[in-house]
Amino acid sequence: MLDSAVIEVRAGNGGHGLVAFIREALLPRGGPGGGDGGHGGDVVLVADSAINTLTKFHWQRHFIAKNGTKGDGHHRNGAKGETMEVSVPVGTEVWVWEDSEDKELIGDLSQHGQRMIVAEGGRGGWGNAHFVSATHQEPLLAEAGGIGEIRRVRLNLKLLADVGLIGMPNAGKSSILTAISAARPKVADYPFTTLEPVLGVVEQGPQAFVAVDIPGLIEGAHTGTGLGDEFLKHVQRTRVLVHVVDGSEDDVVGRIKAINDEITQFDPELAKKPQILAINKLDLDEVSVLIDEIKESLSTLDGLHSETFFVSAATYDGLDELKAAMFNLLRSSYDKEPKPEVVDVEDIPVLRPTVRKSTDVIIREETGQLRIVHPKAVRLARGSNLELHEARLQFHRRLDQLKITKALRDAGLEDGDTVLIGDWEFDWD
Ligand SMILES: Nc1nc2c(ncn2[C@@H]2O[C@H](COP(=O)(O)OP(=O)(O)OP(=O)(O)O)[C@@H](O)[C@H]2O)c(=O)[nH]1
Ligand SMILES: [Mg+2]
């Protein structure tokens with residue numbers, strides 16, 4: 001069973017670099033002092049073993065990192081935008097999502113603590129202090145901050161169950177899963193209705209876990225009688241068992257013991273898992289009238305279970321309490337686990353999706369005009385006031401240095417032609 005969610009991630013833009021000069025009484029020609037903009041924050045996915053579904057992404061789909069702030073005078077640089085960290089379950093695959101389909105796998109977070117930069121912040125623009133040269137003591141150029149990446153990605157996760165529903169055939173395991181999750185296993189009034197394990201996501205606000213409903217167990221299941229033993233392996237990886245019992249049957253205690261014997265013989269580790277008893281069919285008189293008697297007989301049962309709940313999958317009585325108990329046991333099971341945080345996260349390489357960034361310097365628009373798309377040149381054009389004649393001269397010199405002038409000439413540019421860059425448009429001469 002696959003859980004998936006489409007999210008939009010938006011990294012912060014870089015802050016703009018500043019054009020400023022240091023002019024103080026004692027420093028009449030202090031030179032350029034425009035600081036750099038701060039880098040935009042990244043959006044980073046972080047694998048966290050304490051999360052096991054993608055449910056929270058049904059509540060929140062947009063993740064936006066902060067912009068960097070702009071540079072200031074006296075060489076003061078802007079602040080970096082804060083990173084947006086998004087926790088995802090271990091095992092999450094990240095796919096580029098386009099035209100309503102998975103386009104390309106760009107990451108697989110397979111280890112606790114692993115990080116993936118899923119949208120990279122724009123770089124901070126350089127202030128004019130960077131553009132000083134022997135010929136330009138008063139640089140009028142600065143860069144605008146780079147635009148942060150925006151992506152739509154789909155997260156895919158193969159679900160593994162944390163809670164296993166076990167019990168005799170017809171006890172109401174599938175009915176309980178139906179009542180507490182969106183899963184719709186077949187329910188019927190005869191044993192062995194469920195033939196294959198069924199997974200359901202059980203939610204409580206933004207938290208969730210996965211429960212698995214397996215076919216009913218009978219005596220001898222561990223030796224392969226009935227359907228049982230093949231399916232017991234599906235609960236071996238769970239952390240918590242819910243043992244469902246039909247309270248209207250005779251000898252409730254005997255039935256519970258029989259199932260516990262079976263799981264112990266199949267795998268003694270199963271017997272060590274925290275177990276909740278759910279005495280089902282409370283709506284039936286046989287149960288509600290005899291509740292004290294059943295409780296009394298249960299008190300003689302030493303056992304594997306930690307808590308007992310009387311519930312009804314038909315009327316939903318007691319199911320909220322049962323659900324809460326499952327969440328609590330799961331939480332303490334995760335708490336008891338040696339914290340995977342102790343792994344040195346520094347040792348895990350940060351994943352960066354390899355996106356094919358365009359290496360184009362210029363492109364020809366449909367109108368036939370040439371547009372400069374070299375990212376450095378575009379940032380410079382966006383960050384500078386090219387209305388100033390002096391700034392324009394400096395800008396042209398930068399285009400020479402970046403070999404863009406040559407590229408324009410090679411593309412057939414002649415004097416008098418119009419060249420586009422950013423929001424600017426100028427006649428080449
Ligand atoms: N009155 C009453 N009937 C219930 C309740 N829960 C389940 N049932 C009925 O009990 C029968 C068995 O329910 P299932 O949920 O299919 O039981 P199961 O444990 O999944 O059974 P298998 O898949 O065969 O192992 C069905 O007829 C259900 O309608 C309940 O709380 N009250
Ligand atoms: Mg069933």
Side-chain angles (χ1 to χ4, degrees), residues 1 159 161 163-202 210-236 238 240-263 266 270 275-291 293-295 298 304-305 307-326:
M1 182 177 170
L159 289 182
V163 174
L165 294 166
I166 57 166
M168 297 241 167
N170 227 34
K173 301 175 295 296
S174 301
S175 303
I176 288 180
L177 187 69
T178 300
I180 62 176
S181 78
R184 292 293 171 262
K186 187 172 174 195
V187 169
D189 187 17
Y190 52 83
F192 302 119
T193 309
T194 302
L195 300 172
E196 292 283 336
V198 178
L199 295 181
V201 177
V202 181
V210 180
V212 61
D213 168 30
I214 63 166
L217 304 172
I218 54 171
E219 226 165 299
H222 72 281
T223 61
T225 312
L227 291 170
D229 94 301
E230 186 184 342
F231 299 107
L232 273 172
K233 67 175 188 281
H234 289 271
V235 294
Q236 280 176 311
T238 62
V240 171
L241 298 178
V242 174
H243 186 158
V244 183
V245 190
D246 181 343
S248 69
E249 298 266 9
D250 297 335
D251 192 14
V252 167
V253 169
R255 295 170 157 261
I256 296 169
K257 279 187 179 153
I259 294 296
N260 282 341
D261 280 350
E262 287 306 319
I263 63 169
F266 178 79
L270 278 179
Q275 188 183 106
I276 303 171
L277 269 187
I279 314 292
N280 190 30
K281 311 198 184 179
L282 178 59
D283 56 293
L284 299 178
D285 287 346
E286 296 98 299
V287 186
S288 57
V289 170
L290 296 178
I291 192 164
E293 236 167 81
I294 298 174
K295 275 185 186 163
L298 286 175
L304 308 174
H305 63 286
E307 287 168 282
T308 305
F309 294 89
F310 283 81
V311 301
S312 166
T315 62
Y316 288 41
D317 246 6
L319 289 183
D320 282 344
E321 291 81 356
L322 177 64
K323 233 167 92 171
M326 296 189 221

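For ligands, and for the atoms within them, numbers begin at 1 and follow the listed sequence. Basis for what follows: all heavy atoms, side chains included, without hydrogens, waters or symmetry-related copies. This one's a predicted model, so the numbers in the text were calculated from it and none came from an experiment.
Every atom of ligand 1 with a heavy atom of Asp283 under 4.0 Å away is listed here by number and element: 1 (N), 2 (C), 30 (C), 31 (O), 32 (N). Heavy-atom proximity to Leu284, at under 4.0 Å, picks out these atoms of ligand 1: 1 (N). In the vicinity of Tyr190, heavy-atom distances shorter than 4.0 Å reach the ligand 1 atoms 24 (O). Those atoms of ligand 1 that come under 4.0 Å of a heavy atom in Ala313, given as number and element, are 6 (N), 30 (C), 31 (O). Ligand-side atoms of ligand 1 in range of Ala314: 30 (C), 31 (O), 32 (N), range being under 4.0 angstrom from any heavy atom.
Contact check for Thr238 versus Val163: no side-chain heavy atoms found under the 4.5 Å cut-off. Between Ile180 and Leu322, the closest side-chain pair of non-hydrogen atoms is not below 4.5 Å.
For atom 20 (O) of ligand 1, the closest heavy atom belonging to the protein is Ser174 OG, 2.7 Å. Atom 13 (O) of ligand 1 has its closest protein heavy atom at Ser175 OG, 3.5 Å. The single protein non-hydrogen atom nearest to atom 21 (O) of ligand 1 is Asn170 N, 2.9 Å, given as residue, atom name and distance. The protein atom (non-hydrogen) at minimum distance from atom 28 (C) of ligand 1 is Val187 CG1, 3.6 Å. For atom 25 (O) of ligand 1, the closest non-hydrogen atom of the protein is Lys173 NZ, 2.9 Å.
Between Gly172 and ligand 1, a contact under 3.5 Å exists for at least one N or O pair. Inclusion of Lys281 in the set of residues having an N or O under 3.5 Å from an N or O of ligand 1 is warranted. Between Gly216 and ligand 1, a contact under 3.5 Å exists for at least one N or O pair. Distances between N or O atoms of Ile214 and those of ligand 1 include no value under 3.5 Å. In terms of polar-atom proximity, Leu282 is not counted as a contact of ligand 1, lacking any N or O under 3.5 Å from an N or O of the ligand. The shortest N or O to N or O distance between Asn280 and ligand 1 is under 3.5 Å.
Proximity of Thr194 to ligand 1, defined as any heavy-atom pair under 4.0 Å, is shared by backbone and side chain alike. The part of Ala188 lying near ligand 1 is the backbone, judged by heavy-atom distances below 4.0 Å. If you look at Thr315 next to ligand 1, there are no close heavy atoms at all, none under 4.0 Å.
To the nearest 0.5 angstrom, Ile214 atom CD1 is 5.0 Å from Leu232 atom CG. Rounded to the nearest 0.5 angstrom, Ile256 CD1 and Asp251 CG are separated by 9.0 Å. Distance CD1/Ile176 to CG/Leu165: 7.0 Å, rounded to 0.5 Å. Separating the CD1 atom in Ile291 from the CD1 atom in Ile279 is a distance of 9.5 Å, to the nearest 0.5 Å.
Between the side chain of Asn280 and the backbone N or O of Ala171 there is at least one donor-acceptor pair closer than 3.5 Å. In this structure, the side chain of Lys173 engages the main chain of Met168 through a donor-acceptor pair within 3.5 Å.
Nearest heavy atom pair, residue Pro185 against residue Ser174, reads CG-O, 3.6 Å. The two residues Ile259 and Gly167 have their closest heavy-atom pair at CD1-C, 4.0 Å. Val311 and Ala278 get closest at one heavy-atom pair: CG2-CB, 4.3 Å.
Residue-environment remark: CG (Asp250) stays at or below the threshold of 12 foreign heavy atoms within 6.0 Å.
Angle subtended at the Mg ion (ligand 2) by Thr194 OG1 and Ser174 OG: 90°, rounded to 10 degrees.
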Working note: Glu249 + Asn170, criterion side chain to side chain donor-acceptor pair (under 3.5 Å); need CA distance, chi angles, decisive distance, verdict. CA-CA 10 Å; Glu249 298 266 9; Asn170 227 34; 5.5 Å; no
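Under a 4.0 angstrom heavy-atom cut-off, Pro191 registers as being in contact with ligand 1.
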